[in-house]
Amino acid sequence: MTVAAVGLSHSPLIGKNDPEPEVLARVDAAVENARAFVREFDPELVVLYAPDHYNGFFYKEMPPFCLATESRSVGDFDSAAGPLSVDTEAATALAQGVLDRGVDLTISARMTVDHGFAQPLEVLFGGIDRVPVVPVFVNGVAPPLGPVSRVRALGTAMGEAAAQLDKRVLFLASGGLSHDPPVPVLDGAPPRIAEALIEGHAPTPEQRAKSEQRVVKAGQDYAAGATMMLPINPSWDNQLLDLVEQGRIAEFDTWTPDGMAAEGGGSAHEVRTWIAAYASLAATGAYELKSRFYEAIPAWIAGFAVTTALGR
Ligand SMILES: O=C(O)/C=C/c1cccc(O)c1O
Ligand SMILES: [Fe+2]
């Protein structure tokens, strides 16, 4: 079995509130490098770990993890809408393999996903329906959150199960590193917001446009330095990338949700997708990081990273 991993930060503000051209050129080069890596690796299956931003999962049922055997993207922030090309047979086999290894995985036969899943598929493959994929939701936004050791357990079980498939498998993580965007919080929310977070009524196009515009404005204010949002934390982000580069994935078990939020902001928990993907790769044997890119990009409200790695 040949395995690889890519970590790729997402931001719904890409193309809507871009940083200076020099920053953009550096990101473009890193992303093009990741595209070339993926083209050469030529995956037969992509296991995609990504969070949701209250488009698919709500507090009426909020699992820590969920694997999809079918999935559809809502098309928020101009990301692609419609069905993902899920490999249902591989998804079913991986779900069974993870459960067999003692991780209580939720399964969805119709998982709704947002830009967290759609963006990396569009960026790396040119669309959400171009490559056989197994989408795995990892809660990185909606507290309470469990210990990081369980994320590593999920990734490890997935890696071991994927090793049984006899396919070239790419583990792909979609998540910002430190970032603190204005994603609503249930605790203390006014009744109308709380109801939306719990029940999850589909917004009207006008409501969606208004809430997306609010995020774009937050990015503009953040880049201008006029905001209460926590600053991006390059030192914390690079600690994460160091552990990933050195294969020290077990050390993430010492990270706590409170500590992660204090260091990296309310959405720093999206790094759980990175921990899962690199735990999957590590479960199949030693690996080598082939590339590492990092830049703090306030305009995108993102500690933005791109890594590629190959199993040895
Ligand atoms: O409001 C949302 O749906 C998402 C906001 C956001 C902004 C910047 C980086 C991210 O990873 C986000 O999820
Ligand atoms: Fe996000």
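Values below: every heavy atom of this structure, side chains too, minus hydrogens, waters and symmetry copies. Keep in mind that what you see is a predicted model, and the values were worked out from it rather than measured. Both counts, for ligands and for their atoms, begin at 1 and track the order of listing. In this chain, residues are counted from 1 in sequence order.
- Remark: Arg110 CZ is loosely packed, at most 12 non-hydrogen atoms of other residues, nucleotides or ligands lying under 6.0 Å away.
- Sparse packing is recorded around CD of Glu40, with 12 or fewer heavy atoms of other residues, nucleotides or ligands lying under 6.0 Å away.
- Counting only N and O atoms by type, the side chains of Ser178 and Glu263 include no donor and acceptor under 3.5 Å apart.
- Rounded to 10°, the angle formed at the Fe ion (ligand 2) by Glu270 OE2 and His10 NE2 is 110°.
- Under 3.5 Å, the side chains of Thr69 and Thr92 contain no donor-acceptor pair of N or O atoms.
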Atom pairs, nitrogen or oxygen, ligand 1 to protein, under 3.5 angstrom:
| unit_1 | atom_1 | unit_2 | atom_2 | d |
| --- | --- | --- | --- | --- |
| ligand 1 | 11 (O) | His10 | NE2 | 3.0 |
| ligand 1 | 11 (O) | His179 | NE2 | 3.0 |
| ligand 1 | 11 (O) | Glu270 | OE1 | 3.2 |
| ligand 1 | 13 (O) | His53 | NE2 | 2.7 |

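- Counting backbone and side-chain atoms alike, His53 contributes an N/O/S atom closer than 2.8 Å to the Fe ion (ligand 2).
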Check against side-chain contact (heavy atoms from CB on, under 4.5 Å), Trp274 and Val138:
CA-CA 10 Å; Trp274 287 65; Val138 178; over 6 Å; no
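- Within a 6.0 Å radius of CD in Glu288, more than 12 heavy atoms belonging to other residues, nucleotides or ligands are found.
- Within a 6.0 Å radius of CG in Asp42, more than 12 heavy atoms belonging to other residues, nucleotides or ligands are found.
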